[in-house]
A.B. asks: 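Quick one: this structure, given as structure tokens, is what I'll be asking you about.
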Amino acid sequence: MDILKRANEFETRKHSFKTTSDRILAAREAKEIILGVNEIYKKKKDAKLMDLMKRLTLIKQKIEKRLKGRPLTAA
């Protein structure tokens, strides 16, 4: 159940990443945690685990959106 502790810690952590490298590491960590929780979910089918994965996915998507940056407009 160590992955669940990591998931809760990641979810409550402040997400103000100063560098691109920090954002990349956070996105990778989020993906790793989500996949770990998914393995537990496959065995237990607990709705709380699915909700946790959804919340972590939203955080991961926000980080990835920040990584991609704003699209350049055609002049």
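When a residue number appears, it is its place in the shown sequence, counting from 1. Please read these numbers as outputs of a predicted model, since none were measured by experiment.
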A.B. asks: Decide whether Ile33 and Leu35 are clustered together by the hydrophobic rule: side chain heavy atoms of Ile, Leu, Val, Met, Phe, Trp, Tyr closer than 4.5 Å, transitively.
C.D. replies: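 As far as the 4.5 Å side-chain criterion goes, Leu35 and Ile33 are not connected within one cluster.
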
A.B. asks: Lys42: which residues meet the side chain to side chain donor-acceptor pair (under 3.5 Å) condition with it, sequence neighbours left out?
C.D. replies: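 With sequence neighbours excluded, Lys42 shows a side chain to side chain donor-acceptor pair (under 3.5 Å) to Glu39, given in chain and number order.
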
A.B. asks: Kindly give the cluster partners of Leu67, where membership spreads through any ILVMFWY side chain lying under 4.5 Å from a current member.
C.D. replies: Ile24

A.B. asks: Within the 4.5 Å heavy-atom criterion, are Arg6 and Ile3 side-chain neighbours or not?
C.D. replies: yes

A.B. asks: Show me the donor-acceptor pairs within less than 3.5 Å that the side chains of residues 52-60 make with the rest of the protein, sequence neighbours left out.
C.D. replies:
unit_1 : atom_1 : unit_2 : atom_2 : d
Arg55  : NE     : Glu11  : OE2    : 2.4
Arg55  : NH2    : Glu11  : OE1    : 3.4
Thr57  : OG1    : Met53  : O      : 2.7
Lys60  : NZ     : Glu64  : OE2    : 3.2

A.B. asks: Heavy atoms only: give me the nearest Val37-Ala7 pair and the separation to one decimal.
C.D. replies: CG2-CB, 4.3 Å

A.B. asks: The criterion is ring-ring contact (aromatic ring centres under 6.0 Å, His included); which residues satisfy it with Tyr41, sequence neighbours excluded?
C.D. replies: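 Per chain and number, Tyr41 pairs via ring-ring contact (aromatic ring centres under 6.0 Å, His included) with no residue.
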
A.B. asks: Gln61: which residues meet the side chain to side chain donor-acceptor pair (under 3.5 Å) condition with it, sequence neighbours left out?
C.D. replies: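 Applying side chain to side chain donor-acceptor pair (under 3.5 Å) to Gln61 gives none.
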
A.B. asks: At their closest point, which heavy atom of Ala26 faces which heavy atom of Phe10, and how far apart are they?
C.D. replies: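 For Ala26 and Phe10, the tightest heavy-atom pair comes out as O-CZ, 3.7 Å.
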
A.B. asks: Residues two or more places apart in sequence or in another chain: which of them pass side chain to side chain donor-acceptor pair (under 3.5 Å) with Arg13?
C.D. replies: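 Side chain to side chain donor-acceptor pair (under 3.5 Å) check on Arg13 returns Glu9, Glu29.
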
A.B. asks: Check side chain to side chain contact (heavy atoms under 4.5 Å, CB included) between Ser21 and all other residues, then give those that pass, not counting sequence neighbours.
C.D. replies: Thr19, Leu25

